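Here's the structure, in structure tokens; my notes come after.
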Amino acid sequence: MTNSTAPATRLTLGVTVVVLLPLLWWCLSLAAAALGLWWETIGNVVVTWNIDTAVGLILLIPAAMFAGNSVAHLQSPTTFRRGRRYATAGLSLTALFCLLELSNPILNTIDPPAPRDPTSWSPELTAGEEWVVAAPYAVFLIPVILTVLSLWRHRPDDSLPPVYHP
């Protein structure tokens with residue numbers, strides 16, 4: 001890797017990692033659920049992470065596809081703008097998912113939900129558990145925002161050496 005391609009490579013790596021953070025978190029929570037780690041303590045939280053992310057795949061799979069498309073385009077100065085649009089779309093879908101996850105405890109604080117059916121397949125969480133469920137997504141939102149800002153501050157010609165035009 002040369003110095004001239006370092007900014008574009010960092011951008012592509014950053015976009016890929018940031019878009020995949022919720023999916024990586026889901027894999028970890030699936031593993032925790034399968035192994036039964038601290039089940040009595042955090043079982044309901046882990047189940048909620050798994051259910052929410054499974055439903056969130058509606059947003060996260062297209063986000064990963066946009067990020068994957070952006071990788072090749074961000075490397076080339078001629079297609080950098082297209083890659084930036086793809087990356088922004090993927091990061092925006094990831095941010096939307098994180099914001100939806102964050103909105104749940106806020107909305108439930110404002111207007112508590114009605115009691116659920118005791119045979120419901122999803123666990124009923126306390127207010128504290130709802131905030132614990134939302135915490136990773138609040139953390140994920142920070143690198144998403146920073147990556148979008150980095151993408152749009154980066155000019156397509158930043159990574160190229162100057163070209164001589166006679």
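Since the structure is predicted, the reported quantities are computational estimates derived from the model, not experimental observations.
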Quick one: CZ on Arg85 to CG on Leu74, what's the gap to the nearest 0.5 Å? 11.0 Å

Show the nearest heavy-atom pair for residues Val45 and Leu125, with the distance to one decimal. N-CD2, 4.3 Å

Spacing of Gln75 atom CD and Thr12 atom OG1 [to the nearest 0.5 Å]: 4.5 Å

Same apolar cluster: Leu23 and Leu21, side chain cutoff 4.5 Å: yes

At what distance, to the nearest 0.5 angstrom, does OH of Tyr137 lie from CG of Leu102? 10.0 Å

Donor-acceptor contact below 3.5 Å, side chain Thr126 vs main chain Glu129: yes

Please say yes or no: joined through hydrophobic side-chain contacts below 4.5 Å, possibly via intermediate residues, are Ile61 and Leu30 part of one cluster? yes

Report yes if the side chains of Phe80 and Leu11 come closer than 4.5 Å at any heavy-atom pair, otherwise no. yes

Taking side chain as C-beta onward, heavy atoms only, is Leu91 less than 4.5 Å from Leu151? yes

Count I, L, V, M, F, W, Y as connected when their side-chain heavy atoms are under 4.5 Å apart, and connections chain through other members. Are Ile142 and Leu149 then in the same cluster? no

For Gly83 and Ser70, which heavy atoms make the closest approach, and how far apart are they? O-CB, 3.2 Å

Kindly work out whether a path of hydrophobic side-chain contacts (I/L/V/M/F/W/Y, heavy atoms less than 4.5 Å apart) joins Val133 to Leu141. no

Is there a continuous path of hydrophobic side-chain contacts, each under 4.5 Å between heavy atoms, that joins Ile51 to Leu28? yes

Indicate yes or no for a side-chain donor-acceptor contact from Ser150 to the backbone of Leu146 under 3.5 Å, with no hydrogens or angles considered. no

Does any non-hydrogen side-chain atom of Leu100 lie less than 4.5 Å from one of Leu59? yes

Between CG of Leu93 and SG of Cys98, what distance do you get to the nearest 0.5 Å? 11.0 Å

Atom pair CZ (Phe140) and OG1 (Thr94), whose distance is rounded to the nearest 0.5 Å: 10.5 Å

Report the C-alpha separation of Phe66 and Val19 in whole Å, then their side-chain angles, then the decisive distance to 0.1 Å, and conclude whether the side chain to side chain contact (heavy atoms under 4.5 Å, CB included) test is met. CA-CA 9 Å; Phe66 276 120; Val19 166; over 6 Å; no

Is there side-chain contact between Ile106 and Ile110, with at least one heavy-atom pair below 4.5 Å? yes

Please work out whether the ring planes of Tyr86 and His73 are parallel, tilted or perpendicular, with thresholds of 30° and 60°. tilted

Assess whether side chain to side chain contact (heavy atoms under 4.5 Å, CB included) is satisfied between Phe97 and Ile58, documenting all intermediate values. CA-CA 9 Å; Phe97 173 73; Ile58 293 169; over 6 Å; no

Ignoring hydrogens, what is the shortest heavy-atom contact between Ala134 and Glu101? Give both atom names and the distance. CB-O, 3.8 Å

Among Thr48, Asp52, Asn50, whose side-chain hydrogen bond (donor to acceptor under 3.5 Å, both in side chains) with Ser29 holds? Asn50

From Leu60 CG over to Leu96 CG, what is the distance, rounded to the nearest 0.5 angstrom? 9.5 Å

Do Trp26 side-chain atoms and Trp49 backbone N/O form a donor-acceptor pair below 3.5 Å? no

Distance-minimising heavy-atom pair for Ala67 and Val15: CB-CG1, 4.0 Å

